[in-house]
Amino acid sequence: MFSFWRNLNATRTFMSPCCAATELFSARPRQAACLCSDRRLSPSDLSRKCSGKGFNVPPSAEFVARVSGIPTMAKLPHQETADGLDAAFVGVPIDTGTSNRPGARFGPRQIRVESAMLRAFNSGTRAAPYESLMVADIGDVNVNVYDLKDTCKRIREAYRKILATGCIPLTMGGDHTIAYPILQAVAEKHGPVGLVHVDAHADTSDVVLGEKIGHGTPFRRCVEEGLLDCKRVVQIGLRGSGYSADSYEWSRAQGFRVVQVEECWFKSLAPLMAEVRAQMGSGPVYLSFDIDALDPGFAPGTGTPEIAGLTPIQGVEIIRGCRGLNLVGCDLVEVSPPYDTTGNTALTGANLLFEMLCVLPKIKYY
């Protein structure tokens with residue numbers, strides 16, 4: 001199937017999902033009838049199956065079973081590089097930087113599996129990402145699970161190549177360590193960026209167990225290296241017990257806006273995001289979403305859960321509130337499937353990544 005999609009992309013000739021499935025799974029593909037030519041189909045059926053636009057489109061579950069095929073993100077075609085893409089889903093399967101429960105290395109794989117439920121349009125916002133951007137799944141960074149520093153080097157080099165093509169990466173983690181080398185590559189291309197950081201934790205520790213690199217330290221390292229425009233950084237959902245009376249003093253001292261979870265309880269976050277958009281302005285912005293920002297009642301499959309967190313509705317509001325920002329990259333991290341046998345945490349992660357895709361620049365809305 002992968003070679004089929006690569007050949008399809010190389011020619012830039014569009015084939016509807018139903019036609020592609022017919023060609024792929026028919027015993028005699030040359031003689032297979034294209035479902036799009038079925039005169040019994042209504043115009044609305046045809047519009048879901050066929051398009052004259054040269055973008056990748058996930059196959060509809062109306063015509064191709066969700067359980068079939070190789071589980072790429074949203075059942076999009078797989079591509080080995082970001083060449084020719086406007087946006088790409090990429091996995092970084094590590095948990096070497098985790099301080100508590102491991103398992104985030106399996107996050108990208110499980111998110112892809114649960115993403116089979118995703119469809120082509122956003123019914124809430126009427127975004128049509130696959131009529132706007134060329135998108136594919138470009139697989140995983142080849143990480144070194146025995147050496148975190150080497151892994152960071154590999155991530156940084158991989159993202160340099162992705163960004164050099166003009167592609168916007170949508171990353172599936174992996175623990176939050178990955179934000180550091182990704183932002184190194186992002187800042188090389190765009191200069192210091194604004195940051196919308198959604199998390200239960202500030203991730204601004206200096207040294208943990210003698211180490212400066214881990215999932216609790218990425219944004220301290222980013223500030224030290226000048227990767228962030230500190231006046232355009234907001235941290236949303238912070239909570240939990242701390243090592244001092246004010247766990248977020250360092251963040252505020254850098255100029256970050258800190259929105260503790262207590263400010264979010266029992267309310268819509270749409271007004272907050274209007275303020276965030278004004279804060280971010282027109283400059284480049286990176287969105288980093290740790291799944292533990294959500295309350296563990298909704299997302300138990302994570303390594304460092306904290307009670308009394310955000311709801312999935314608020315998570316969606318935050319991401320939709322990023323519409324109009326100059327987003328140059330996004331990530332969804334810390335999904336640990338072993339701690340949620342229902343798959344709901346990964347399912348939530350997959351949907352949040354789809355919401356991120358729907359707020360990228362140049363997205364068409366109906």
Side-chain angles (χ1 to χ4, degrees), residues 1-15 17 20 24 53-59 69-94 105 107-109 111-113 115 118 120 129-145 150-174 177-190 193 284 286-288 326-333 350 353-354 356-358 360-363:
M1 181 180 288
F2 288 174
S3 61
F4 168 83
W5 283 116
R6 284 199 295 271
N7 292 337
L8 185 63
N9 287 334
T11 61
R12 303 287 288 188
T13 301
F14 182 86
M15 182 180 290
L24 284 168
K53 297 185 180 295
F55 296 113
N56 294 332
V57 181
I70 296 170
T72 57
M73 181 62 184
K75 302 197 77 172
L76 284 162
H78 171 266
Q79 188 170 307
E80 291 184 359
T81 73
D83 293 341
L85 299 179
D86 301 304
F89 291 104
V90 54
V92 186
I94 69 160
R105 69 180 62 189
R109 182 173 297 181
I111 289 169
R112 287 182 171 107
V113 169
S115 74
L118 295 174
Y130 304 116
E131 292 187 9
S132 314
L133 306 176
M134 179 63 77
V135 190
D137 186 330
I138 60 171
D140 293 339
V141 176
N142 183 25
V143 298
N144 181 348
V145 296
D150 183 49
T151 283
C152 286
K153 178 182 176 183
R154 290 168 181 240
I155 295 169
R156 182 170 58 251
E157 291 174 350
Y159 277 75
R160 282 172 176 160
K161 293 177 181 178
I162 294 169
L163 293 163
T165 69
C167 176
I168 299 175
L170 297 158
T171 303
M172 300 169 277
T177 309
I178 69 175
Y180 168 46
I182 292 172
L183 281 165
Q184 286 180 314
V186 168
E188 281 183 13
K189 181 176 178 64
H190 297 284
V193 296
Y286 187 84
L287 171 60
S288 187
N326 180 17
L327 288 171
V328 295
C330 308
D331 67 49
L332 188 288
V333 298
L353 282 158
F354 177 70
M356 292 175 189
L357 173 64
C358 290
L360 293 184
K362 300 181 181 179
I363 289 292

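We count residues from 1, following the sequence as given. Everything quoted here is computed from the prediction, not taken from an experiment.
In terms of the side-chain contact (heavy atoms from CB on, under 4.5 Å) criterion, residue partners of S115 (sequence neighbours excluded) are, by chain and number, M73, L118, A350. For A82, the side-chain contact (heavy atoms from CB on, under 4.5 Å) test picks out I138, I162, T165, C167, with sequence neighbours left out. Shown here are the salt bridge (Lys or Arg N to Asp or Glu O under 4.0 Å) partners of D140, two or more places apart in sequence or in another chain: R112. Residues forming a side-chain contact (heavy atoms from CB on, under 4.5 Å) with K153 (at least two apart in sequence, or on another chain): D150, R156, E157. Residues meeting the side-chain contact (heavy atoms from CB on, under 4.5 Å) test with A185, sequence neighbours left out: Y159, R160, L163. For Y180, the side chain to side chain donor-acceptor pair (under 3.5 Å) criterion is met by Q184, E225, not counting sequence neighbours.
The shortest heavy-atom contact between P181 and C152 is CB-O, 3.3 Å. Shortest non-hydrogen contact noted between V193 and V328 is CG1-CG2, 4.5 Å. Residues P361 and L327 come closest through the heavy atom pair CD-O, 3.7 Å. Here the shortest heavy-atom pairing between M172 and L353 reads CG-CD1, 3.5 Å. Between M134 and G84, the shortest heavy-atom contact is CG-O, 3.6 Å. In terms of heavy-atom proximity, Y130 sits nearest to F55 at O-CB, 3.1 Å.
Here OG of S132 is found 9.5 Å from CG of L360. Values are rounded to the nearest 0.5 Å. Taking OG1 of T177 as the start and CD1 of I94 as the end, the distance is 5.0 Å to the nearest 0.5 Å. To the nearest 0.5 angstrom, L133 atom CG is 10.0 Å from L85 atom CG. One finds the OG1 atom of T171 at 10.0 Å from the CG atom of L332 (value rounded to the nearest 0.5 Å).
Taking the side chain as every heavy atom from C-beta outward, T72 and P77 never approach each other to under 4.5 Å. Side-chain contact between I111 and F89 is absent, with no heavy-atom pair separated by less than 4.5 Å. Put simply, the side chain of E188 does not reach to within 4.5 Å of the side chain of H190, judged on heavy atoms.
Under a 3.5 Å cut-off, the side chain of N56 and the backbone N or O of V135 do form a donor-acceptor pair. When atom types are taken as modelled, the side chain of N144 and the backbone of T151 share no donor-acceptor pair closer than 3.5 angstrom.
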